[in-house]
There are 2 protein chains.
Amino acid sequence: MPNTSPHDQQAPPSRRELNKAATRQAITDAALELLRTKGPGNFTVEDIADAAGISRRTFFNYFSSTDAALASIVHGFLDTAIQQFRLRPAEEPMLESAQAALSALADPEAVAPLAELFTLTQQSSLMAHSELEAWDHCRAQVFAVARERLAGTPGGQDELYVHALAGSIISCGKAAMEVWFSRRGPDLTTGSLTELRQLLIDSIALLGTGFAPPASPSAVRSS
Amino acid sequence: MPNTSPHDQQAPPSRRELNKAATRQAITDAALELLRTKGPGNFTVEDIADAAGISRRTFFNYFSSTDAALASIVHGFLDTAIQQFRLRPAEEPMLESAQAALSALADPEAVAPLAELFTLTQQSSLMAHSELEAWDHCRAQVFAVARERLAGTPGGQDELYVHALAGSIISCGKAAMEVWFSRRGPDLTTGSLTELRQLLIDSIALLGTGFAPPASPSAVRSS
DNA sequence: GTGCAACTTTGCACTACATGCAAGTATTTT
DNA sequence: AAAATACTTGCATGTAGTGCAAAGTTGCAC
């Protein structure tokens, strides 16, 4: 029995929880596989449900649309970043925390699904909806963390500051991902991931310097 | 006759153009009116079409969804900003151009429709999709302009710089709008609009100073 | 103004999305 | 083992969105 400790608050993976998680995973797996084989827009919710071994109706108990099912991949990706971000010490400057959190994204395990999703859906704009929402959801979480952290600091009550900061951090992360992907495509080699990490760090550095006008592009000290 | 000059490139508002524009306007008007009276999510495309005096099918010749019809309001709003942005001299620092362009948004004519849309859809998230897309579309345009402008400057070929800058500018504009709306709601008085303009300017100023950590909130010289 | 070409609107048919509901099945609790 | 709870499923229903071809407008040349 995996009952680790008497007063273990989290970790009661009951059968129901496990089943639900498995079903959820089966759905996204099926959706991704159909995306690979049939291409974006060429399969229906029913196809996914069949492939996942559930009913059409059950699909909608988990996701509200095909897009949402695929966007859960993006959500998973961004959630790792948020987790990292939450772990940073409260005293650390916000932008450094962001750099650290984003660096964690340049990890094969984490980016692989996202990179494949990008390659499969690029130029189709079918993901646009849910993907933008995923980023925005992440923004909202960064905002929440930032607000809490800055609550004590002078000027930390300034809503504008916190909103603008959170939004800009997300935009920079997004920018780095976009540039990386446009340069490397689905390349997941070590070199490529190193470049991604550098891009993520550099983009936050740009933010920290206020986009110092025509600075030499790679002269920003970044690691 | 409104034929102004012999070699007028633009301005051939033929009957067809005018009809289309009128239909388009009738649709958004009808959609907005239904939003007022029935509330978000409580009316169908057919309702809009009926109210606009066209067929359901014709609606889809103009917009791909209810959301899209309403989001055209946001598009119109953001297009004025882009127009202003395009008019700025190429030598001007990018962030100053952004401030100038955003200031133009604090105009009763421009914000009024958006403010109403916000009040009618807040907390319903029904607009989320198309609204995020509208902002992203604006971001893409800022990116295009910025890329062109920076092409000659040292480091201007740095895609990361341009992407991150465009995204951050949009995020700051969005942040200012959000804060303004959360403070003032649908208040369109002169004082309220002055505050909006100040927020827009301040948010870009924050960007320019690299979010100088816990700076005094209102000590940033802004006008 | 007549007539032809180009464009726009419309009705119809059809597929797919999305949700409520009630009955069935699995899991948990007692 | 029985009762309570949670999840799945099929069915019914209403709406979204698109292709197509017929009908209606507008533009243009003669």
Side-chain angles (χ1 to χ4, degrees), chain A residues 1-3 8 11-31 34-35 38-72 124-130 133, chain B residues 1-3 10-31 34-35 38-72 124-130 133:
Chain A
M1 277 153 196
N3 214 354
D8 229 340
S14 71
R15 189 58 175 277
R16 274 183 183 150
E17 306 284 342
L18 291 176
N19 284 346
K20 286 186 74 169
T23 300
R24 206 182 167 78
Q25 189 63 45
I27 292 174
T28 61
D29 287 352
L34 282 167
L35 191 64
K38 300 201 161 191
N42 299 334
F43 55 97
T44 73
V45 169
E46 190 156 17
D47 294 334
I48 302 177
D50 287 352
I54 56 168
S55 78
R56 200 185 103 84
R57 189 62 184 79
T58 298
F59 172 92
F60 285 111
N61 287 344
Y62 284 85
F63 298 103
S64 60
S65 69
T66 304
D67 275 15
L70 289 169
S72 74
S124 85
S125 87
L126 278 170
M127 285 297 301
H129 279 191
S130 303
E133 264 178 15
Chain B
M1 278 149 196
N3 214 352
Q10 82 287 36
S14 71
R15 189 59 174 277
R16 277 186 181 145
E17 307 284 341
L18 290 175
N19 284 346
K20 287 187 76 168
T23 301
R24 205 182 169 79
Q25 189 62 46
I27 293 174
T28 62
D29 287 351
L34 283 167
L35 190 65
K38 302 202 160 188
N42 299 335
F43 56 95
T44 71
V45 169
E46 190 155 18
D47 294 334
I48 302 176
D50 286 352
I54 56 168
S55 76
R56 196 184 101 87
R57 191 62 184 79
T58 298
F59 172 93
F60 285 112
N61 286 344
Y62 285 83
F63 298 103
S64 61
S65 69
T66 303
D67 275 15
L70 289 170
S72 75
S124 85
S125 88
L126 277 171
M127 284 297 300
H129 279 190
S130 301
E133 264 179 13

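Fair warning: this is a prediction, and the values are worked out from it, not measured in the lab. Just so we're on the same page: letters track the sequence lines, and every chain starts at 1.
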Could you tell me how far apart [X] ([atom1]) and [N] ([atom2]) are, to the nearest whole angstrom?
{"X": "D47(A)", "N": "dC17(C)", "atom1": "CG", "atom2": "C1'", "result": "13 Å"}
{"X": "N61(A)", "N": "dA26(C)", "atom1": "CG", "atom2": "P", "result": "17 Å"}
{"X": "L18(A)", "N": "dT28(C)", "atom1": "CG", "atom2": "C1'", "result": "14 Å"}
{"X": "F59(A)", "N": "dC7(D)", "atom1": "CZ", "atom2": "P", "result": "18 Å"}
{"X": "F63(B)", "N": "dT18(D)", "atom1": "CZ", "atom2": "C1'", "result": "18 Å"}
{"X": "R24(B)", "N": "dT9(C)", "atom1": "CZ", "atom2": "P", "result": "12 Å"}
{"X": "E17(B)", "N": "dC7(C)", "atom1": "CD", "atom2": "P", "result": "11 Å"}
{"X": "D67(B)", "N": "dT15(D)", "atom1": "CG", "atom2": "C1'", "result": "14 Å"}

field: Side chain of T44(A) (C-beta onward), nearest among dG17(D), dT10(C), dC17(C)
entry: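 The nucleotide sitting nearest to the side chain is dC17(C).
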message: Nearest to the T58(B) side chain among dA16(D), dC17(C), dT9(C), which nucleotide is it?
response: dT9(C)
message: So, OP1 or OP2 of dC7(D): does either fall under 4.0 Å of a side-chain N or O from Y62(A)?
response: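 Checking Y62(A) against dC7(D): no side-chain N or O falls below 4.0 Å of OP1 or OP2.
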message: Measuring to OP1 and OP2 of dT28(C), would you say a side-chain N or O of S14(A) lies under 4.0 angstrom away?
response: yes
In Å, rounded to the nearest 0.5 Å, how long is the span from [atom1] of [X] to [atom2] of [Y]?
{"X": "I54(A)", "Y": "N61(A)", "atom1": "CD1", "atom2": "CG", "answer": "8.5 Å"}
{"X": "D29(A)", "Y": "R24(A)", "atom1": "CG", "atom2": "CZ", "answer": "12.0 Å"}
{"X": "Q25(B)", "Y": "L18(B)", "atom1": "CD", "atom2": "CG", "answer": "13.0 Å"}

query: With no angle test and no hydrogens, is the base of dG20(C) tied to the side chain of R57(A) by a donor-acceptor pair under 3.5 Å?
result: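 Such a pair is found, so the answer is yes.
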message: With hydrogens left out and only the distance checked, is there a donor-acceptor pair under 3.5 Å joining R56(A)'s side chain and the base of dA16(C)?
response: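 Side chain to base: no pair present.
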field: Closest-nucleotide ordering on DNA chain D, the 5'-leading residue of S64(B) and R16(B)
entry: S64(B)
query: Taking the nucleotide of DNA chain D with the closest heavy atom to each, which residue, N19(B) or S55(A), is nearer the 5' end?
result: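 Whichever sits nearer the 5' end wins; that is S55(A).
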- prompt: Quick one: which of L70(B), D67(B), T66(B) gives a side chain to side chain contact (heavy atoms under 4.5 Å, CB included) with S130(B)?
  reply: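 Exactly one option meets the side chain to side chain contact (heavy atoms under 4.5 Å, CB included) with S130(B), and it is D67(B).
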message: Any side-chain to backbone donor/acceptor pair from D47(B) onto T44(B)? Under 3.5 Å, distance only.
response: yes
